[in-house]
Every structure is written in C-alpha cells, then in structure tokens.
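Each ligand, and each atom within it, is numbered from 1 in the order the structure gives.
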Amino acid sequence: MADNMRPESMARITTPELAEAFIAEQVAAVREQVGDKKVLLALSGGVDSSVVAALLIKAIGKQLVCVHVNHGLMRKGESEQVIEVFGKELDANLIYVDATDRFLDLLAGVTEPEKKRKIIGAEFIKVFDEESSKLEGIDFLAQGTIYPDILESDGVKAHHNVGGLPEDMKMELVEPVRLLYKDEVRVVGDALGLPHTMVYRQPFPGPGLGVRCLGAITRDRLHALREADAILREEFELNGLAGKVWQYFIAVPDFKSVGVRDGKRYEGWPAIIRAVNTVDAMTATIEEIPYALLHKITDRITHEVEGINRVVMDLTPKPIGTIEWE
Ligand code: XMP
C-alpha cells in the first residue's frame, strides 16, 4: 500500500476476506522492510498496539521484541491478558516490566491532574528507554499509529498520548496500520485471531486509572477503584451494554462519607459511574442504564469492594463535563 494513498480513496476493510488480504500484503511488506533485523514494540495491550504485535509476530516471529510496561494503573486483568495472549498463546518475544512501585512512588502526594499525567508519561518513556537500551541490534521501532492519530497529531489528542516515545530513539518506524481507521484495525484483529475482549476494548487513557483515582493516588483507593471498575465492566458485559456504550468506568474521589455496615459506622469512598456515548470524544451524551442494573451494580460494589460505601452516577454530558474527571 503506497504511503501517498489516502484512506479516503481506499477500499475500506470491512470483511474477514479483506482483512486477510490486508494481512498478507502487510506481512510481505514488513518482511521486505525489516529483512532479518529486529523490531521493538511498546505493547500496551490496547487495540492498536495489540493488532500490530499480532501482525508482526505473523510476519517476523521472534525478530519482534515486545515490551509491556505495567505502570500499576492498568485495569484489572489487563497486564495478565497481555502475558497470556502474547507471551503464552502467540509465543512472542515479550519483556514484561512491572514498574508499579516506581510509578506509584513518584505519584505519591501529587494532586494536580496534568502533573500526574506528565509524571506518568515521562516515567513511561524512561522505563521503556531503559529496557530498550538493554537490548542489542534493534533497528526498527513498531508503532500502533492509526490514521486518526495522523490527522489529529496537532489537535486535542496530542497531549494525551502517554505512549509517545522519545524522538532521539534513532530507529526506523514500522507502522503497518497507519492508514486504517479504528473499525478496520478491529476487523484485522479479529482475522488475526486476537480475543474479542482485546479487539473490542473500549478506549482507555494512557495514564490509565491514574486519572480516575482522583487527587493524590493511594494504593488502597487505587485497589478499590480497580475492583469496582471490574464489577462495572463485568455487569455491562453480562447485560449487553458493553457493545452499546462507548466508554464506561468508575472514578473514585479522595474523600469519604459516613455509612453503616453490620450495625457499625463505616466510612468509605464513593464510586462514581460514568457511562457515555460519543462519536469522536469531543462531545458525549449520557447512556440510559436500566435502574435494575444500577441497583445490582451498587449492591455488588458496596458489598464486594473494601472501602467503598456509596455508588453515584454522573449524568453530565460533554460539554460541560469532560469524559474523564481529571
Ligand atoms: P475528556 O476527558 O477530555 O476525554 O473528555 C476524551 C477522551 O480522551 C481520553 N483521555 C485520554 N486519553 N491520555 C489518553 O490517552 C490522556 O491523558 C487522556 N485524557 C482523556 C478519555 O478517556 C476519553 O476517551
């Protein structure tokens, strides 16, 4: 596929057959570009980097080195899934770095959202840099850049991307899905046999749960957030909302309210449910969630998650509320 072809004029990838053809074409192109050299990829477990990883494993196998940095702000089960799918099932050359303590130590006491983002972004680059400098003979850097990233590279999303890597990494880029839209990346991911939960994952900000554990992050509140979020996701999946709602998650503020449990005073944090629909994340509407389900989620979170004693729902569209709280 020539670089000067604009996606607007390309035939879109909408079926498994078209995805197979795209994969065959890219496998050949990557082999041609890379030869017998090694390629490095920061594998977050998000849709784009996962699809690039699977594609490159197919093309060049162990010549691809994937680095997964767990910043300790992943959702429940996500790093485990990366290890399971790429490390075990696809037998990738995977380096797993659990950098949780480094990130959480740096974030301790930091309340300002943009400062939190900067710390997470800078530390991510540092960890990735450290890992890549331990490797020898890497000539290429693979990235899960997709077409909207190129279109928006000077726009609103630019400051968001924690995965942005240092410019002085002198490696040639391998970007096999750079002319695709998100929906197409998903069709390709399906054709590559990646799990549905990975391919149809809702968007997750680079700083992860770091901007949902509001204010200064503490390990106990982060744990409560992760558990509550997992319950929300599980219930949305069980009740057919996962494919209907664009983004849904829990945020946990850093204050407590009074409650009662087992006849005793029980102070805890509130869990805030946010469930929005949008096309481009620039504006968002509130999805109506059946009350019976909200009751069930409230019951489960308040009973199963240590430290949470209330569940509330954020009904604010964007504008005026941004999707994330921070
Ligand atoms: P907001 O909160 O600005 O979010 O309405 C719009 C979309 O962007 C995501 N978001 C981020 N993504 N790094 C990211 O990669 C970030 O720092 C970040 N902040 C917000 C948000 O989840 C929503 O999908």
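In terms of polar-atom proximity, Pro205 is not counted as a contact of ligand 1, lacking any N or O under 3.5 Å from an N or O of the ligand. By the 3.5 Å distance cut-off applied to N or O atoms, Arg117 is counted among the residues near ligand 1. In terms of N/O distances under 3.5 Å, ligand 1 is approached by Gly206.
At a heavy-atom distance under 4.0 Å, only side-chain atoms of Trp246, from C-beta outward, approach ligand 1.
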Kindly list each side-chain donor-acceptor pair under 3.5 angstrom involving residues 79-86, sequence neighbours excluded, with atom names and distances?
{"from": "Ser79", "atom 1": "OG", "to": "His68", "atom 2": "NE2", "distance (Å)": "2.8"}
{"from": "Ser79", "atom 1": "OG", "to": "Asn70", "atom 2": "ND2", "distance (Å)": "3.4"}
{"from": "Gln81", "atom 1": "NE2", "to": "Thr197", "atom 2": "OG1", "distance (Å)": "2.8"}

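Close approach of ligand 1 to Pro207 (heavy-atom distance below 4.0 Å) involves ligand atoms 13 (N), 16 (C), 17 (O). Set against the non-hydrogen atoms of Lys318, the atoms of ligand 1 under 4.0 Å away are 1 (P), 3 (O), 5 (O), 6 (C).
For Glu287 (side chain) and Asn277 (main-chain N/O), no donor-acceptor pair under 3.5 Å exists by modelled atom type. Although no hydrogens or angles enter the test, the distance criterion places a donor-acceptor pair under 3.5 Å between the side chain of Arg186 and the main chain of Arg201.
Inspection of the Arg310 and Ser257 side chains reveals an N or O donor paired with an N or O acceptor under 3.5 Å. Using modelled atom types, one finds a donor on one side chain and an acceptor on the other under 3.5 Å when comparing His303 with Asp299.
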